[in-house]
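For reference, the structure discussed in these notes is given below.
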Amino acid sequence: MTNPRSKIVLITGASSGIGAATARRLAAADGHHVVLGARRVDRLAALVVDLRLAGGTAEYRQLDVTSRDSVNAFVEGAHDRYGRIDVLINNAGVMALSTVDALRTDEWEQMIDVNLRGTLHGVAAALPLMRARGTGHIINIGSSAAYRVDPTAAVYCATKYAVRALTEGLRQESRDVRVTLVSPGYTHSELTEHGGDPQIQAAARAAAEELGMPAVAVADAIACAIAQPDTVDINEIIMRSTAQG
Ligand code: NDP
């Protein structure tokens, strides 16, 4: 970390998709030190090797955002090591699509636990540390699903509407810590590969492949929010590919 403007940036859900692309962008192009968390540590370990070979500084820790203890250990571990946390990106998410009457209640719980509760765990762990320093930046990953409900996405949308409300409320309360919501539309990632009704997930996968943005586009938007002066907060970024419209 020879760059004096280098920040300590924690990213949840960094083992694939938007999180991994953001780690690459922030470590390589911006010279930030990234601390990566997710459950699949083999993925994180390989990414950290790549980032270091490219001249970046990075480390990882196994993280399950549904566990408050795990999130606390992730955030406090980085804080103990570096004496500060500049940015927390609450990115971990799951999307298991199905109609409500299919009553896939375990998947409802999982989406609530990862997308909403996981974000709350991140805020609870990082906010007091940032407040104590009088500076910091919390970036929550929303979605275009935080603005519009589609059939088969009711519960996913509910979690993202909630993340949007939480982010806006926290921003309104905050004078020292910056708070940003980044809401992408379809993005190339592994989001449609886990859970949900198989037919509905396959249709979503096809739509994302055809109409989606590369994950690096979202990473670039996140980097732009971080790069603003400490006194400037980008409140919200909504972005879609031109193909999605
Ligand atoms: P991916 O499936 O590629 O990435 C999701 C990440 O979340 C993975 O790294 C996964 O890691 C992690 N994750 C899932 N569950 C947990 C958990 N319990 N604890 C810790 N990490 C977890 O999808 P995306 O990159 O697309 O998703 C990133 C964010 O972007 C999500 O919040 C998603 O809702 C949002 N988003 C995505 C869009 C898209 O079209 N792709 C559009 C709008 C928003 P692991 O399994 O190793 O734990």
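Just follow the structure's listing: the first ligand is 1, and inside any ligand the first atom is 1.
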Legend entry - Sub-4.0 Å heavy-atom approach of Ala14 to ligand 1: yes
Legend entry - Backbone or side-chain N or O of Gly37 under 3.5 Å from ligand 1 N or O: no
Inset, instruction - Return yes when Glu193 approaches ligand 1 closer than 4.0 angstrom through a heavy atom, no otherwise. - result: no
Legend entry - Location of contacts on Phe74 toward ligand 1, heavy atoms closer than 4.0 Å: neither
Legend entry - Atoms of ligand 1, numbered as shown, that sit under 4.0 Å from any heavy atom of Gly17: 3 (O), 25 (O)
Inset, instruction - Would you check, one step at a time, whether the test side chain to side chain contact (heavy atoms under 4.5 Å, CB included) holds for Asp233 with Thr180? - result: CA-CA 7 Å; Asp233 180 40; Thr180 301; 3.2 Å; yes
Inset, instruction - May I ask you to list the atoms of ligand 1 that are less than 4.0 angstrom from any heavy atom of Ile141? - result: 29 (C), 30 (O), 35 (C)
Inset, instruction - Please confirm whether Gly142 comes under 4.0 Å of ligand 1, counting heavy atoms of the residue only. - result: yes
Inset, instruction - Verify whether one side chain among Thr119 and Asn140 offers a donor that lies under 3.5 Å from an acceptor in the other. - result: no
Legend entry - Subset of ligand 1 atoms that lie under 4.0 Å from at least one heavy atom of Leu63: 19 (N), 20 (C)
Inset, instruction - Would you kindly say whether Ser98 and Arg104 are connected by a side-chain donor-acceptor distance under 3.5 Å? - result: no
Inset, instruction - Give a yes/no verdict on whether any heavy atom in Ala208 is under 4.0 Å from an atom of ligand 1. - result: no
